[in-house]
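Each remark here refers to the structure printed beneath this line.
For reference, positions follow the sequence shown, starting with 1.
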Amino acid sequence: KIDPGSRVTGLALIDDKTGKVFFAAELHHRGHHIHGLLTARSSLRRNRRSRKTRYRAPRFNNRTRVDSWLPPSLESRIANIMTWVNRLRRYAPIEALSQELVRFDMQLMQNAAIQGTEYQQSFLERIYSF
């Protein structure tokens, strides 16, 4: 069983017949660290290009992405989960995978009567509508 999260993913090997847990682990992802590294690299590149150097013509022909593109932080998370699933398959006969996919609506949890355009307004705008 897999319980994915943005920072931590839970993994468990469970016998479906008995319900016994053979293995349980938490995977801590590097997504936020990778995002920070990419942001730092981007700012260094921007600073390097804005120094007093020769004029550099703007280049916009290299901005397309393939349809299967994923952000590096998400790609890292998927690769990390797949690596551990493959490692566990070496040691245990896994017949089925089940993954918990849950989406939370935080605004609905705070206010059960929210609907429509209220989602676009902040909490303070809803309280102090001028």
Side-chain heavy atoms nearer than 4.5 Å, only ILVMFWY residues, links allowed to pass through others: does that put Ile2 and Ile14 together? no

In terms of hydrophobic clusters joined by side-chain contacts under 4.5 Å, are Ile34 and Leu74 together? no

Which pair of heavy atoms, one from Pro4 and one from Thr9, lies closest together, and at what distance? CA-OG1, 3.6 Å

Shortest non-hydrogen pair, Leu70 vs Glu75, comes out as O-OE1, 3.5 Å

May I ask you to check whether over 12 heavy atoms, not counting those of [X], lie within 6.0 Å of atom [atom1]?
X      : atom1 : answer
Gln115 : CD    : no
Arg45  : CZ    : yes
Arg87  : CZ    : yes
His32  : NE2   : yes

Between [atom1] of [X] and [atom2] of [Y], what distance do you get to the nearest 0.5 Å?
X      : Y     : atom1 : atom2 : answer
Leu13  : Phe22 : CG    : CZ    : 8.5 Å
Glu26  : Arg7  : CD    : CZ    : 13.5 Å
Glu100 : Asp3  : CD    : CG    : 4.0 Å
Asp16  : Lys1  : CG    : NZ    : 6.0 Å
Leu44  : Thr39 : CG    : OG1   : 11.0 Å

With distance as the sole test, does Ser42 use its side chain to make a donor-acceptor pair with the main-chain N or O of Leu38 at under 3.5 Å? no

Quick one: does any side-chain atom of Asn80 pair with a main-chain N or O of Ser76 as donor and acceptor, under 3.5 Å? no

Is a side-chain donor-acceptor pair under 3.5 Å present for Ser73 with Arg77? no

Any non-hydrogen side-chain atom of Val8 less than 4.5 Å from a side-chain atom of Leu27? no

What I'd like to find out is whether the side chain of His29 reaches to under 4.5 Å of the side chain of Ile81, using heavy atoms alone. yes

